[in-house]
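What follows is a single structure, written as structure tokens, with notes after it.
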2 protein chains.
Amino acid sequence: MALRNAVMAALLEGEASGYDLAKAFDASVANFWMATPQQLYRELERMAAEGLITARVVEQDKRPNKRLFSLTEAGRAAVHAYTTERPSRPSAIRDELLVKVQTLDAGDATAVRAGIADRVDLARTKLARYERLRTALLDGRTEEQYLVGAERVGPYLTLLRGMDFERENVRWGELALRVLDGRAAQRCG
Amino acid sequence: MALRNAVMAALLEGEASGYDLAKAFDASVANFWMATPQQLYRELERMAAEGLITARVVEQDKRPNKRLFSLTEAGRAAVHAYTTERPSRPSAIRDELLVKVQTLDAGDATAVRAGIADRVDLARTKLARYERLRTALLDGRTEEQYLVGAERVGPYLTLLRGMDFERENVRWGELALRVLDGRAAQRCG
DNA sequence: AACACCATGTAAGCAGTTACATGATTAG
DNA sequence: CTAATCATGTAACTGCTTACATGGTGTT
């Protein structure tokens, strides 16, 4: 019942196909909600059946047809109702890498080290993408100007949270790498 | 198949009952893995059936009996094997509050504001708990001494990551509150 | 007297993952 | 020539959540 709110959040940006949403979830919304394409297609069916969204088939040549979904009035009302709900259930995280880090001392420290290095690289990549998204949103304005004057601040605030998160991934990952390298050198030297 | 690795990570600290694990997951491991008691009881059954852990029944008076689980040799081997697996699947987050923040401009900004304030309070509470855990782990040593000399660094590194995360929650939340208050004042004044 | 804690579990239902399938188009 | 992109979906499975049940003990 909560994926649908994430979908409606994405549809506030305008109509989109299941495929579009899969990409959007992978890019901008990914820092607070993950969903596979299959989940999205199923949820879109249900939402359409319940009248929260409507589909518009667009025929394309040299491309498969697509169904563009957009929010109905009932959908917008549902979004508004959702924002008034209290409390939000606590955020859920599942991070396999941190499970491995936790067990590092009873496992293969070299392999875990490599996993941390991968994570740092990934965080840097995401950070660069978010930075481009931020520049596009700001569109020449400063952050202060934007936060005071823009019609919508929600997407900008969530983007800032995502950027903070990835920055911390880089910072923490580099610390962890230094620590592991220091201990490895100590054991060998 | 991944919850069990989190369980084994927790059992590296020593034998524990399902009830103990539920508390531990809520406290120290919560920053990278969430699990309900029901999930744990079910997974413990399976793991015992597969020989990764063994149960020891402890009879108590004035308290219900409990089953204390501990890792077997096969369990330790499984932990080691898990740390060598590459890659780790990307970390999954689901944060309802951020979905609401995303849709804030089409919803009830006052209610979302209250949700952010709750989140900041919760983050402060968690941060204080993690700080106590950290002090207990350090046990008089400085962080540098600990990271170089301690037998195990995994749990300390994951704790640092959790603390960073909660600190960012506080920092970001306070910024978001300032922004929303500024915009509200602007509309009224 | 009411509530929270200890300690375990069942049952039902919803959510999420994985593998597979289609079939044309464009980029390297 | 291979791989990736576009665009959708089915089927089978595994995992997770919610509600409920038990029953004694300690706390306010």
Side-chain angles (χ1 to χ4, degrees), chain A residues 1-7 10 15-27 29-30 32-50 53 55-69 85 87-96 99, chain B residues 1-7 10 15-27 29-30 32-50 53 55-69 85 87-96 99:
Chain A
M1 279 293 180
L3 170 60
R4 69 176 44 189
N5 295 295
V7 169
E15 62 179 6
S17 66
Y19 193 85
D20 294 334
L21 287 172
K23 276 187 303 181
F25 267 67
D26 208 43
V29 188
F32 59 89
W33 208 275
M34 304 278 297
T36 61
Q38 288 69 20
Q39 258 179 289
L40 292 170
Y41 283 116
R42 237 181 333 142
E43 194 63 30
L44 287 167
E45 285 306 326
R46 286 185 209 152
M47 292 170 75
E50 293 175 40
I53 57 178
R56 180 170 79 84
V57 176
V58 175
E59 305 203 4
Q60 304 178 113
D61 47 277
K62 316 220 172 188
R63 285 269 166 264
N65 295 348
K66 60 180 171 183
R67 291 191 299 154
L68 289 178
F69 296 94
E85 273 176 34
S88 304
R89 78 185 56 174
S91 71
I93 325 182
R94 329 207 108 105
D95 192 336
E96 288 202 354
V99 176
Chain B
M1 278 294 181
L3 170 60
R4 69 177 43 189
N5 294 294
V7 169
E15 61 178 7
S17 67
Y19 193 83
D20 293 335
L21 287 172
K23 278 188 300 181
F25 267 68
D26 209 43
V29 188
F32 58 89
W33 207 275
M34 304 279 297
T36 62
Q38 289 68 20
Q39 257 179 290
L40 292 171
Y41 283 117
R42 239 180 332 140
E43 194 62 32
L44 287 168
E45 285 306 326
R46 286 184 210 152
M47 292 170 75
E50 293 175 37
I53 56 177
R56 181 170 78 86
V57 176
V58 174
E59 305 204 3
Q60 306 177 113
D61 46 278
K62 316 219 171 189
R63 286 268 166 266
N65 295 349
K66 60 180 172 183
R67 290 191 301 153
L68 289 178
F69 296 94
E85 273 175 35
S88 304
R89 77 184 58 172
S91 71
I93 325 182
R94 330 206 107 104
D95 192 335
E96 287 201 354
V99 175

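Throughout, a chain's letter reflects where its sequence line sits, starting with A, and its residues are numbered from 1.
Contact between B:V7 and B:L44 at its shortest, heavy atoms only, is CG1-CD2, 3.9 Å. Smallest separation of non-hydrogen atoms from B:L21 and B:A10: CD2-CB, 3.7 Å. Scanning all heavy atoms of the two residues, the minimum distance from A:W33 to B:E96 falls at CZ3-N, 4.0 Å. The two atoms that bring B:F25 and B:A35 nearest to each other are CD2-CB, 3.7 Å, heavy atoms only. The minimum heavy-atom distance linking B:L68 with B:S17 is given by the pair CD2-N, 3.5 Å.
Checked against side chain to side chain donor-acceptor pair (under 3.5 Å), B:N5 has no partners two or more places apart in sequence or in another chain. The salt bridge (charged side-chain N to carboxylate O under 4.0 Å, His left out) search around B:R63 returns none, not counting sequence neighbours. In this structure A:Q38 satisfies the side chain to side chain contact (heavy atoms under 4.5 Å, CB included) test together with A:T36, sequence neighbours excluded. Partners of B:R42 under the salt bridge (charged side-chain N to carboxylate O under 4.0 Å, His left out) rule, at least two apart in sequence or in another chain, do not exist in this structure. A search for side chain to side chain donor-acceptor pair (under 3.5 Å) contacts involving B:S91 returns nothing, not counting sequence neighbours. Take B:E43 and apply the side chain to side chain donor-acceptor pair (under 3.5 Å) test, not counting sequence neighbours, and it matches B:R4, B:R46.
Distance CG/B:L3 to CE/B:M47: 8.0 Å, rounded to 0.5 Å. Taking CE of A:M34 as the start and CZ of B:R89 as the end, the distance is 10.5 Å to the nearest 0.5 Å. Rounding to the nearest 0.5 angstrom, the gap separating the CG atom in A:D95 from the CD1 atom in B:I93 is 8.5 Å.
The CD-P distance, from A:E43 to C:dA15, rounds to 7 Å in whole Å. Rounded to an integer number of Å, the gap from B:M1 CE to C:dT18 P is 12 Å. To the nearest angstrom, P of C:dC5 lies 16 Å from NZ of B:K66.
Running 5' to 3' along DNA chain D, contacts with non-hydrogen atoms of chain A at under 4.0 Å begin and end at D:dT5 to D:dT18.
B:R89 has a side-chain polar atom (N or O) that falls below the 4.0 Å cut-off from OP1 or OP2 of C:dT18.
In this structure, B:R42 reaches the bases: a heavy-atom distance under 4.0 Å links it to at least one base atom across the strands shown. Note on B:R46: only backbone sugar-phosphate atoms sit closer than 4.0 angstrom, heavy atoms only; bases stay farther off.
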| remark: Per-nt protein contacts along nucleotides 22-28 of chain C (heavy atom under 4.0 Å; B base, S backbone sugar-phosphate only, - none) come out as -B-S---
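Near DNA chain C, defined here as any heavy-atom distance below 4.0 Å, there are no residues from residues 17-27 of chain A. Within residues 32-41 of chain A, the residues having any heavy atom closer than 4.0 Å to DNA chain D are, in order of number, A:Q38, A:Y41.
For residues 15-27 of chain A, the salt bridge (Lys or Arg N to Asp or Glu O under 4.0 Å) pairs, not counting sequence neighbours, are A:E15-A:R56.
Each of B:F69 and B:A92 lies near DNA chain C, and the nucleotide nearest B:F69 is the one positioned closer to the 5' end.
More than 12 heavy atoms of other residues, nucleotides or ligands sit less than 6.0 Å from atom CD of A:Q60.
A rotation axis mapping the C1' atoms of four pairs onto the next four is fitted at both ends of the helix from C:dA1-D:dT28 to C:dG28-D:dC1 over five pairs, and the angle between these axes is 60° to 10 degrees.
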